[in-house]
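These notes are about the structure you will find just below.
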Amino acid sequence: MTNPNNTAIVILNWNGRALLEKFLPSVIQHSAGAVIYVADNASSDDSIAFLASRFPSVKIIQNPENYGFANGYNHALKHVSEEILVLLNSDVEVTSNWLSAPLQIFETMPHVAAIQPKILDYKDKTAFEYAGAGGGFIDKFGYPFCRGRIFDSLEKDYGQYNDTTEIFWASGACMFIRKSDFELNQGFDGDFFAHQEEIDLCWRLNNNNRKVFYCGESVVYHVGGATLNEGNPHKTYLNFRNSLFMLLKNLPKSQIFSVIFMRLILDGLAGGNFVFRGKISHMFAIVKAHFGFYGSAVKMYRKRRGKQASKYYRVTNIVCDYFFRGRKKYADLF
């Protein structure tokens with residue numbers, strides 16, 4: 001097995017003292033041999049003093065400002081030398097042996113660049129959690145979905161995803177990744193700030209013939225929405241804008257116009273759905289996201305690197321499958 005001493009668990013923190021107090025003990029308890037870091041994004045609470053007094057074995061990396069999720073990790077990981085990185089949200093409870101199986105995959109499968117464990121809901125440990133569930137995919141138009149989670153429909157965990165298998169993207173809530181792959185692929189895109197930067201990175205890994213895997217033997221429990229809850233319009237803005245960024249950066253040239261044009265239509269329908277549900281601020285967040293995308297389109301296009309694989313999606317249109325065909329579970333899609 002890959003030596004845990006060459007493994008760094010890196011937790012990004014911003015004003016999350018309460019989360020560190022609650023969840024860091026499980027990480028320390030179940031991560032023998034690994035080096036644990038907390039990368040602080042210029043918190044204004046007493047996170048740093050708390051860590052120094054309560055958890056002196058944890059290494060602290062202090063970013064000079066709040067860089068968000070993407071650049072927060074990009075800056076912090078420059079100070080980490082271990083060969084295997086585990087990027088872990090501060091609101092995650094880990095379990096015994098959560099490191100063992102993913103590290104074994106890295107040891108025996110050198111073509112695997114990143115791995116995601118099974119992510120269950122901390123508030124209901126019998127159910128999958130929104131951010132990653134049983135491993136992620138996207139449809140032709142860039143909408144993400146997971147085994148165990150399609151849009152807001154979450155499956156119960158009956159062991160149906162206890163396998164080890166290739167996926168398209170691994171959740172940033174708990175992502176194992178080789179440091180060499182992270183660096184060779186320029187890490188997260190800082191212009192995303194937060195949300196879907198992990199999908200963008202995994203898409204680039206896939207384009208470079210590096211594999212992303214899911215490991216059901218490793219289990220963690222994620223609270224979700226602890227820093228920016230699902231009802232926040234800014235989260236809607238970031239998700240819709242960043243999804244368009246990701247498409248422009250990674251689609252084959254021949255598909256850019258048709259796919260993004262179709263996204264205009266589908267995002268318009270999503271905006272109408274928000275209006276119907278009385279969430280007007282979310283409709284305006286989608287409009288703002290599109291203008292944000294247009295304003296940065298040239299910059300994003302210039303970030304295209306290497307080849308863009310034409311087969312990147314598992315299903316063609318998850319929106320139609322879910323809302324019009326009633327396919328609420330991953331198994332229903334095929």
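The structure displayed is predicted, hence computed values, not measured ones. Values reported hereafter were calculated over all heavy atoms of this structure, with side chains retained and with hydrogens, waters and symmetry mates removed. All residue numbers refer to positions in the sequence shown, counting from 1.
- When all heavy atoms are compared, the tightest approach of K179 to L77 is CE-O, 3.6 Å.
- Taking the six-membered ring where the residue is Trp, the centroids of F293 and H290 are separated by 6.0 Å or more.
- Under 3.5 Å, the side chains of Y73 and E197 contain no donor-acceptor pair of N or O atoms.
- Checking each of N242, N250, N185 against D200 for a side chain to side chain donor-acceptor pair (under 3.5 Å) leaves exactly one that passes, namely N250.
- Put simply, the side chain of L333 does not reach to within 4.5 Å of the side chain of F137, judged on heavy atoms.
- The 12-atom threshold is exceeded at OH of Y294, counting heavy atoms of other residues, nucleotides or ligands nearer than 6.0 Å.
- Expressed to the nearest 0.5 Å, how far OH of Y312 lies from CG of L251 amounts to 4.5 Å.
- Panel note: side chain T95, backbone V219; a donor-acceptor pair is recorded below 3.5 Å.
- With rounding to the nearest 0.5 angstrom, the CD1 atom of I61 is 9.5 Å from the CG atom of L12.
- Taking the six-membered ring where tryptophan is involved, the planes of F176 and F106 are tilted, since the angle between them lies from 30° to 60°.
- Shortest non-hydrogen contact noted between P102 and I115 is O-CD1, 3.3 Å.
- For residues 22-50, the salt bridge (Lys or Arg N to Asp or Glu O under 4.0 Å) pairs, not counting sequence neighbours, are R17-D46.
- Counting only N and O atoms by type, the side chains of N97 and H30 include no donor and acceptor under 3.5 Å apart.
- Follow the hydrophobic side-chain contacts under 4.5 Å out from L244 and you reach F291 in the same cluster.
- Among D321, D139, D332, the single residue meeting the salt bridge (Lys or Arg N to Asp or Glu O under 4.0 Å) criterion with R327 is D321.
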>> Please evaluate residues V58 and I28 with respect to the criterion side chain to side chain contact (heavy atoms under 4.5 Å, CB included), reporting the C-alpha separation (whole Å), side-chain torsions for both, the decisive distance (0.1 Å), and the verdict.
In response: CA-CA 9 Å; V58 173; I28 294 171; 4.1 Å; yes

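- Residues A70 and D189 approach most closely at CB-O, 3.4 Å, considering heavy atoms.
- One hydrophobic cluster holds both F261 and I138 under the rule that ILVMFWY side chains link at heavy-atom gaps under 4.5 Å.
- With hydrophobic clusters built from ILVMFWY side chains whose heavy atoms lie under 4.5 angstrom apart, F334 shares a cluster with F324.
- Summarising the geometry, atom NZ belonging to K118 is positioned 10.5 Å from atom CD belonging to E217; distances are rounded to the nearest 0.5 Å.
- In this structure a side-chain-to-backbone donor-acceptor pair under 3.5 Å is missing from N207 to Q308.
- Residues Y221 and S26 bring no donor and acceptor atom of their side chains to less than 3.5 Å of each other.
- A continuous path of Ile, Leu, Val, Met, Phe, Trp and Tyr side chains, each step under 4.5 Å between heavy atoms, connects L264 with V275, placing both in one hydrophobic cluster.
- For K307, the NZ atom sits in a packed shell: over 12 heavy atoms of surrounding residues, nucleotides or ligands are nearer than 6.0 Å.
- Applying side chain to side chain donor-acceptor pair (under 3.5 Å) to E155 and the options K328, Q160, K329 leaves one that passes, Q160.
- Here K140 pairs with nothing under the salt bridge (Lys or Arg N to Asp or Glu O under 4.0 Å) rule; sequence neighbours left out.
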*asked:* Run the ring pair (Phe, Tyr, Trp, His ring centres under 6.0 Å) test on Y161 and F128 for me, step by step, so that the C-alpha distance in whole Å, both residues' side-chain angles and the decisive distance to 0.1 Å come before the verdict.
replied: CA-CA 10 Å; Y161 306 122; F128 285 93; 5.4 Å; yes

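- Checked against a 6.0 Å centroid threshold, the rings of F284 and Y237 do not count as neighbours.
- Distance check, rounded to the nearest 0.5 Å: OG of S43 to CD of Q62 gives 9.5 Å.
- When all heavy atoms are compared, the tightest approach of C174 to L88 is SG-CD1, 3.8 Å.
- Judged by distance alone, the side chain of Q186 and the main-chain N or O of L184 form a donor-acceptor pair under 3.5 Å.
- Following chains of ILVMFWY side-chain contacts shorter than 4.5 Å, one cannot reach V298 starting from F192, and the two form parts of different hydrophobic clusters.
- In the model, Y143 has a side-chain atom that pairs as donor or acceptor with a side-chain atom of D267 under 3.5 Å.
- Counting heavy-atom neighbours within 6.0 Å of R277 CZ, excluding the residue itself, gives a total above 12.
- Two residues are said to be in side-chain contact when any heavy atoms from C-beta on lie closer than 4.5 Å; F168 and V212 fail this criterion.
- Ion pairing between a basic and an acidic side chain is recognised when a charged N comes within 4.0 Å of a carboxylate O; D163 and R147 show such pairing.
- K59 meets the salt bridge (Lys or Arg N to Asp or Glu O under 4.0 Å) test with no other residue; sequence neighbours excluded.
- Taken from CZ in F182 to CG in L85, the straight-line distance is 7.5 Å, to the nearest 0.5 Å.
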Go through it in stages, so that I can follow the logic: the residues are W14 and S47, the test is side chain to side chain donor-acceptor pair (under 3.5 Å), and I'd like the CA-CA distance, side-chain angles, deciding distance and then a yes or no.
CA-CA 8 Å; W14 181 68; S47 293; over 6 Å; no

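- Between H75 and Y67, the two ring planes are parallel [angle under 30°; tilted spans 30° to 60°].
- By the 6.0 Å contact criterion, OH on Y158 is open, its count of non-hydrogen atoms from other residues, nucleotides or ligands being 12 or less.
- In summary, of the residues considered (F245, F193, F69), a ring pair (Phe, Tyr, Trp, His ring centres under 6.0 Å) with F188 occurs for F69 alone.
- Residue K299 places its NZ atom among 12 or fewer non-hydrogen atoms of other residues, nucleotides or ligands, all under 6.0 Å distant.
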Discussion item. Could you walk me through whether R263 and S243 satisfy the side chain to side chain donor-acceptor pair (under 3.5 Å) test, starting with their C-alpha distance in whole Å, then the side-chain angles of each, then the deciding distance to 0.1 Å, before giving a yes or no?
Written reply: CA-CA 10 Å; R263 270 297 298 269; S243 181; 2.7 Å; yes

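- Residues F323 and F151 bring their aromatic ring centres within 6.0 Å.
- Minimum interatomic distance between I167 and G134 (heavy atoms only, all atoms of both residues): CG2-O, 4.5 Å.
- Side-chain contact between Y301 and K253: present, with at least one pair of heavy atoms (C-beta onward) separated by less than 4.5 Å.
- Checked by atom type, the side-chain pair N273/K279 shows no donor-acceptor distance below 3.5 Å.
- Taking a 6.0 Å sphere around OH of Y313, one finds it holds more than 12 heavy atoms contributed by other residues, nucleotides or ligands.
- Residues Q116 and G135 approach most closely at NE2-N, 3.4 Å, considering heavy atoms.
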